[in-house]
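Quantities reported herein were computed from a predicted structural model and do not represent experimental measurements. This chain uses plain numbering: 1 for the first residue, then up along the sequence.
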Amino acid sequence: RFLRAHWRFLKTVANKLFEFMHESFEGVQDMACDTFLKIAKQCKRKFAVLQPHETMPFIDEILLRLPQIISDLERQQIETFYESMGYIVASQSNPREREALVRKLFEMLNHMWKNIMASAGQSLNTLQESDVQRNILSILRTNTRVANSLGHPYGLQLGVIYMDMLNIYKAFNDMISTLTSTQGARATENVGVRQMRAIKKEILKLVQAFISHSEDPQAVAETFMPPLMDSVLNDYQRAIPEARDAEVLSLCTAIIKKLKSVVLNKVPSMLSVVFECTLAMITKNFEDYPDHRVNFFLLLRAINNECFQAFFMIPAHHFKLVVDSIIWAFKHAERNIAESGLNLLLELLKNISASDVASQFYQSYYLPLLQDILFVLTDTFHQPGFKLQTQILLTMIRLIKSGQISVPVWGNQQVPAGTNNETFLRQFLADLLARSFQNLLPVQIQTFINLLFATDDLGEFKSHIRDFLIQLQQFADSTELFREEQQAVLEEQRRQELERNSLVPGLVEIPLGDDIEAA
């Protein structure tokens with residue numbers, strides 16, 4: 001607040017930080033860059049507009065001195081400085097002036113980029129030189145930092161390097177494919193291959209950052225998507241598992257989240273490329289490819305939430321694989337994977353119930369899903385998922401009780417005439433629990449089932465299930481079953497403490513907001 005209110009002092013502080021960026025004493029340059037980033041976030045508008053008694057906005061002065069200011073900084077420090085400049089440039093409200101600032105900001109980096117591209121145009125071997133690769137990686141990382149801080153206006157700069165960037169992606173992909181075809185997975189441990197893969201990953205991160213901040217989904221879909229999908233997805237499918245980058249899945253997720261229905265018709269082709277080959281990688285065991293595993297289920301959740309109809313534009317056996325992968329996920333021993341699977345199933349059930357394919361889905365998958373949810377619910381290894389497990393079970397029972405499922409869920413099983421879904425489900429649960437827990441008496445099982453069907457309140461429903469699980473005597477430690485209530489108590493205690501402290505002036509720190517003032 002003080003710096004915002006006193007421009008001359010703010011300018012003096014900024015200039016002093018620029019001096020510190022030439023200091024050789026350890027840690028001073030890092031401090032200067034990090035401090036400038038904090039100031040740029042909070043006072044960005046002050047730098048972007050003309051202040052009293054000044055001949056030009058301070059941002060113009062910085063850009064004129066840019067080569068000299070960053071001349072002694074390391075690569076990572078330069079990236080931080082450019083990120084700071086991105087926040088300042090973004091605060092310029094005049095589109096034409098902002099575009100001029102973007103061009104000026106990237107003038108030096110783009111000159112380096114063009115020189116590298118010119119050399120690569122004469123000989124692709126240039127791209128295999130370690131110094132060249134380090135320079136490419138540094139330029140890309142700097143662009144990524146600015147894409148995140150600058151936001152939508154960064155599209156102007158991306159247009160300058162986009163096709164060159166994809167050509168580099170293809171070139172490195174071909175080089176890696178050649179090595180892996182002769183050396184196998186061993187080639188991915190090569191220093192040169194690791195560097196090339198780092199550049200490929202940074203390209204994906206840069207494009208993802210741009211798409212995430214874009215405000216024109218249609219333009220992204222029409223201009224940037226076609227060459228991107230051709231370069232990236234085909235590479236992912238053809239590569240050996242060890243050479244596939246999890247960032248491809250993350251990029252697909254970002255595209256679907258941002259573009260939503262604009263890319264609905266492209267989602268099936270996207271899935272046809274990445275789905276089966278990724279599923280084969282992550283289902284071999286529970287340990288390999290952890291990043292692919294997490295990103296895979298984030299992708300499925302994005303499709304379910306933003307492009308749900310795409311699930312019914314893919315072959316039936318692919319959709320069965322989707323359901324199987326969800327089941328595999330919530331049975332996973334790793335907590336975040338299991339939680340992703342449970343969230344995905346809960347969201348899928350809500351979307352299915354409102355669709356015209358509900359009857360067909362429930363006939364095929366209701367009972368298998370119910371059995372697997374009961375399996376993890378009564379398995380001590382999956383206690384952390386108790387909250388979501390009970391939500392799903394309550395949702396599935398409600399579907400039967402309310403009559404939303406109008407078709408028989410028992411499939412080819414023989415049932416007495418006149419049986420309806422609720423009668424069948426009660427008997428199905430009784431038989432399943434009796435087989436699984438032979439220490440329970442029939443009256444205990446029947447009482448538990450009656451309680452499940454008697455309430456629609458989630459809190460009461462969870463309480464009945466908790467009592468039943470403790471009754472099974474399998475849950476020696478039932479801490480996880482009460483975690484939600486314990487967290488609620490802690491949150492209430494923190495809230496009350498904050499209220500008490502707020503009565504004492506100065507005891508509670510007031511967070512600084514964004515720089516919202518006018519010039």
Ionic contact status for [Y] with [X], cut-off 4.0 Å:
{"X": "Glu422", "Y": "Arg426", "answer": "yes"}
{"X": "Asp456", "Y": "Lys401", "answer": "yes"}
{"X": "Asp34", "Y": "Lys38", "answer": "no"}

Residues at least two apart in sequence or cross-chain that pass side-chain contact (heavy atoms from CB on, under 4.5 Å) with Asp356, listed by chain then number, are none
Practice item. Report yes or no: is the cationic atom of Lys200 (NZ for Lys, CZ for Arg) under 6.0 Å from the centre of the six-membered ring of Tyr169, at an angle within 45° of the ring normal? Key: yes
message: Would Arg244 and Tyr236 count as a cation-pi pair here, with the cationic atom under 6.0 angstrom from the ring centre and within 45° of the axis?
response: yes
Given the options Glu202, Lys205, Arg145, Leu140 meets side chain to side chain contact (heavy atoms under 4.5 Å, CB included) only with Glu202
Only residue of Val248, Thr278, Leu233 satisfying side chain to side chain contact (heavy atoms under 4.5 Å, CB included) with Val273 is Leu233
Exercise for review: Say whether, by atom type as modelled, one donor and one acceptor occur between the side chain of Lys462 and the main chain of Lys387 under 3.5 angstrom.
Suggested key: no
Check: Ser231 side chain, Leu228 main-chain N or O, donor-acceptor pair, under 3.5 Å
no
Q.
Would you say CD of Gln360 has more than 12 non-hydrogen atoms from neighbouring residues, nucleotides or ligands within 6.0 angstrom?
A. no
Is the distance between the ring centroids of Trp410 and Tyr366 under 6.0 Å?
no
If the plane angle is over 60° it's perpendicular, under 30° parallel, otherwise tilted; pick one for [X] and [Y].
{"X": "Tyr82", "Y": "Phe106", "answer": "tilted"}
{"X": "Phe308", "Y": "Phe311", "answer": "perpendicular"}
{"X": "Phe468", "Y": "Phe448", "answer": "parallel"}

From the list Phe297, Phe381, Phe286, Phe296, ring pair (Phe, Tyr, Trp, His ring centres under 6.0 Å) with His332 holds only for Phe286
